[in-house]
Every structure is written in structure tokens, then in C-alpha cells.
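Start at 1 and go down the list; that is how both ligands and their atoms are numbered. Bear in mind that the values here come from a model prediction, so they are computed numbers and not experimental data.
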Amino acid sequence: MEVKTVAIVGAGTIGASWAAWFRARGFAVVVTDPSAEAEGFVRDYVASAWPVLQSLGAVRPGATPEGIRFEPELRAALDGADFVQENAPEREEMKIRIFAEMDALLREEVIIASSSSGLLMSRLQSRCTHPERCVIGHPFNPPHLIPLVEVVGGDRTAPAALDRAMAFYRSIGKHPIRLNKEVPGHVANRLQAALWREAIHLVAEGVASVADVDAAVTQGPGLRWAVFGPHMTFHLGGGRGGMEHFLAHLLGPFEGFWADLGQPAMTPALQRRIVEGVEEQAEGRPVAELAESRDRRLTAILQALAAAR
Ligand SMILES: NC(=O)c1ccc[n+]([C@@H]2O[C@H](COP(=O)([O-])OP(=O)(O)OC[C@H]3O[C@@H](n4cnc5c(N)ncnc54)[C@H](O)[C@@H]3O)[C@@H](O)[C@H]2O)c1
């Protein structure tokens with residue numbers, strides 16, 4: 001089924017960014033959100049994302065930031081939708097209810113994808129009559145810049161729906177990965193959680209400041225991770241012998257590190273240290289300014305990577 005119209009259900013941080021991407025890729029976009037502020041937020045967000053999308057060459061000929069339609073009622077928003085991207089708050093009960101409502105309103109062949117960062121599709125689809133078309137399509141913030149989308153189904157999702165979701169995300173310029181089974185947090189957030197836990201442990205133990213632990217990522221392995229993931233990075237770490245040599249040579253030390261990794265207790269005092277640490281690192285710059293700086297530099301990285309392919 002050809003997708004012409006995409007419905008965005010829930011338009012906060014993630015929904016607004018998805019709206020920008022789908023609009024840039026030439027789709028008709030309909031947005032629904034119960035908040036009175038959502039329409040203004042999305043219009044401002046898309047307008048400010050547009051020049052960035054243009055500089056990335058992501059805007060299809062003829063696509064404009066205007067023309068996103070707002071519908072306060074879910075029924076009107078879903079009327080004529082060929083694909084739904086749900087981005088409501090990360091609350092299981094609420095998403096189960098919204099999925100049941102969407103399922104009752106949509107043609108049965110329309111895929112309903114949830115942006116959920118960590119909920120299980122088996123739960124979200126549990127009250128749907130056509131659960132076979134429900135998938136997780138988990139993006140990374142901001143979805144209009146980060147290519148990754150994690151695709152996974154629940155107990156009752158049809159493999160064909162996962163195939164279609166993978167093909168759709170690929171066709172719109174995203175880099176979907178398919179999870180063979182559902183786990184809380186999918187893949188990337190579990191990886192982030194593992195790294196963040198150790199980052200907090202190092203701060204708690206006084207090994208380094210919040211700013212220096214962050215620099216240990218951004219000025220070091222973080223740069224490589226934009227090119228090769230943890231496995232391929234160590235394949236190169238093994239020199240001419242590749243991963244096989246890396247394992248023979250350095251698995252022992254890594255097993256020692258694994259045994260020593262921490263489990264920080266998130267006491268109020270530790271939470272305070274983390275908050276103060278990032279505030280110090282931010283040097284008074286508000287979050288909006290930091291986000292603008294992040295997006296500018298992310299754009300530069302994406303452009304550089306595309307040019308160096
Ligand atoms: N923020 C992130 O970094 C991030 C990254 C990837 C995925 N996600 C996922 O995206 C989803 C949205 O997160 P967010 O950060 O954009 O949250 P958010 O709070 O910024 O936005 C949620 C929006 O949903 C709206 N909403 C409330 N009730 C609704 C309803 N019944 N129907 C439709 N919309 C409703 C709210 O008005 C709000 O605009 C979550 O599932 C989250 O896990 C978030």
C-alpha cells in the first residue's frame with residue numbers, strides 16, 4: 001500500500017520532529033494532540049528544522065513546511081491516514097487506550113507505529129482487534145536528524161507488518177534495525193543505560209567530574225561510534241588480526257573491567273551531584289541553546305559522513 005498521508009498522534013518533542021521529517025519527505029501530514037499549545041509548538045519546530053533539513057538535502061522537491069494539518073479529534077486526524085506514528089506520553093495504560101481507539105478507527109491494513117522508548121508492543125496492542133499491524137518504530141531524538149529507528153513487534157504482530165514498517169522507514173531515508181524479540185528499552189536505550197550507569201558510578205566514586213566523564217565519550221570513543229559500533233570498533237582494535245586477535249589479546253582485561261563495573265545507588269545526594277555537574281558543564285546556557293548547538297553539530301557530522309562515504 002502506497003503511503004501518502006501520515007498521521008502524527010501526540011506532538012511534543014518527538015511528534016513535532018517526526019512531523020518535520022515526514023513533511024520534508026513529501027508526505028501529507030496530519031497532527032493530533034489534546035494540548036492547546038501543540039499546534040504552535042509544531043509549526044515553530046518545523047519552521048526552525050526546515051533550513052537544517054534543506055542543508056542535509058532531505059527536503060523533497062516541492063515540499064514545504066506549511067500545509068501540516070491539525071485536527072483536535074483523533075477520528076478526523078486518522079481519516080485517510082496511510083501510516084500512523086504515535087508519540088503520546090510514555091505511559092502504558094494511556095498508550096494501550098490510544099492504540100485501541102486508533103485500531104477501531106483505521107483501515108486494517110494501516111500500520112500503527114509507536115515511538116515508545118521502552119514499552120512492550122505485546123502490551124500496547126493488547127486491546128486491539130487488528131494487533132497484527134501494530135509495531136514499535138522507535139526513533140532517536142531528534143527523529144528529523146538521527147537515522148536510527150528500532151522496529152519490533154509484539155506477540156500478535158504479523159511478520160509482514162514488520163517487513164512493511166522496515167521497508168517504509170528505509171524508503172523515507174531512515175536506518176531501521178529489526179529486533180527479533182521485544183525487550184524493555186529495545187537495543188539502543190539499553191546500551192545507553194549501560195554506559196550511563198557506569199558514567200554515574202565513576203562520578204559517585206570520585207574518579208572524574210561529570211564534565212570529564214562526558215568528555216571521555218565525546219572526545220574519544222563517541223567520535224568512533226559515529227562510524228563503527230562497539231563490535232566493529234574492536235575488530236579494528238585487533239589490528240591485522242581483527243576481532244579474533246582482539247579477543248585473544250584483550251578479552252581478559254575486559255572481563256576484569258566487567259567484574260569491576262558499578263551499580264550506583266541513586267541517592268538524592270548523588271542525583272544532586274549529577275544535576276550540578278551538568279549545570280556547571282552548561283555554563284549557564286539554557287537547554288534550548290544547547291539543543292540548537294547539538295543539532296547544528298549533528299548536522300555537520302551527518303554532512304561530513306555523507307561526503308566521506
Ligand atoms: N524525548 C525523547 O528523547 C524520546 C526519544 C525517542 C522516543 N521517545 C518516545 O516518544 C514518545 C513521546 O515522547 P516526548 O518526549 O515527545 O513526550 P512529550 O511530553 O514532549 O510529548 C507528548 C505529547 O503527547 C500529547 N498527548 C497527551 N495525551 C495524548 C493523547 N491522549 N493523544 C495524543 N497525544 C497526547 C501531549 O500533549 C504532548 O504534546 C514517548 O513514547 C517516548 O518514550 C521519546
Side-chain angles (χ1 to χ4, degrees), residues 6-22 29-46 48-49 68-79 81 83-106 112-125 127-128 134-152 154 165 169 174-177 179 182-193 195-196 278 287-288 290-292 294-295 298:
V6 176
I8 303 283
V9 176
T13 308
I14 296 302
S17 176
W18 266 130
W21 183 256
F22 285 121
V29 174
V30 188
V31 174
T32 187
D33 190 299
S35 161
E37 279 106 62
E39 178 166 356
F41 174 70
V42 173
R43 293 208 188 281
D44 289 350
Y45 191 105
V46 175
S48 70
I68 294 180
R69 189 157 63 86
F70 279 80
E71 291 289 353
E73 295 299 323
L74 186 66
R75 175 183 294 274
L78 299 189
D79 188 25
F83 186 92
V84 177
Q85 187 75 42
E86 172 276 318
N87 325 275
E90 185 78 342
R91 293 210 292 276
E92 189 184 83
E93 255 320 301
M94 181 188 252
K95 286 202 198 265
I96 291 174
R97 181 173 50 73
I98 297 173
F99 262 75
E101 283 171 21
M102 294 190 293
D103 177 65
L105 291 167
L106 288 160
I112 316 177
S114 174
S115 292
S116 172
S117 302
L119 300 174
L120 302 183
M121 182 40 75
S122 292
R123 301 278 309 147
L124 304 189
Q125 69 188 175
R127 297 213 323 254
C128 293
C134 299
V135 305
I136 297 283
H138 174 236
F140 272 75
N141 191 32
H144 71 275
L145 292 183
I146 305 282
L148 181 65
V149 181
E150 296 177 304
V151 175
V152 61
Y169 286 125
K174 290 287 143 196
H175 188 119
I177 63 162
L179 278 61
E182 49 184 357
V183 282
H186 321 311
V187 169
N189 272 335
R190 291 176 77 101
L191 295 173
Q192 294 203 110
L195 180 69
W196 192 33
V278 287
V287 169
L290 295 167
E292 193 273 324
R294 175 201 61 194
D295 290 357
L298 269 177

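Among residues two or more places apart in sequence or in another chain, the salt bridge (Lys or Arg N to Asp or Glu O under 4.0 Å) test is passed with R190 by none. By the salt bridge (Lys or Arg N to Asp or Glu O under 4.0 Å) test, D295 is found to be paired with no residue, residues two or more places apart in sequence or in another chain being considered.
Atoms CG and CZ, from L145 and F140 in turn, are 14.0 Å apart once rounded to the nearest 0.5 Å.
Each salt bridge (charged side-chain N to carboxylate O under 4.0 Å, His left out) pair with one or both residues in residues 115-125, not counting sequence neighbours, appears once here: E92-R123.
Protein residues with a heavy atom under 4.0 Å from ligand 1 are V9, G10, A11, G12, T13, I14, D33, P34, S35, N87, A88, P89, E90, M94, K95, I98, S115, S116, S117, H138, P139, N141.
For E73 and T32, the side-chain atoms include no donor-acceptor pair closer than 3.5 Å.
Looking at D33, its side chain does come within 3.5 Å of a backbone N or O of A11 through a donor-acceptor pair.
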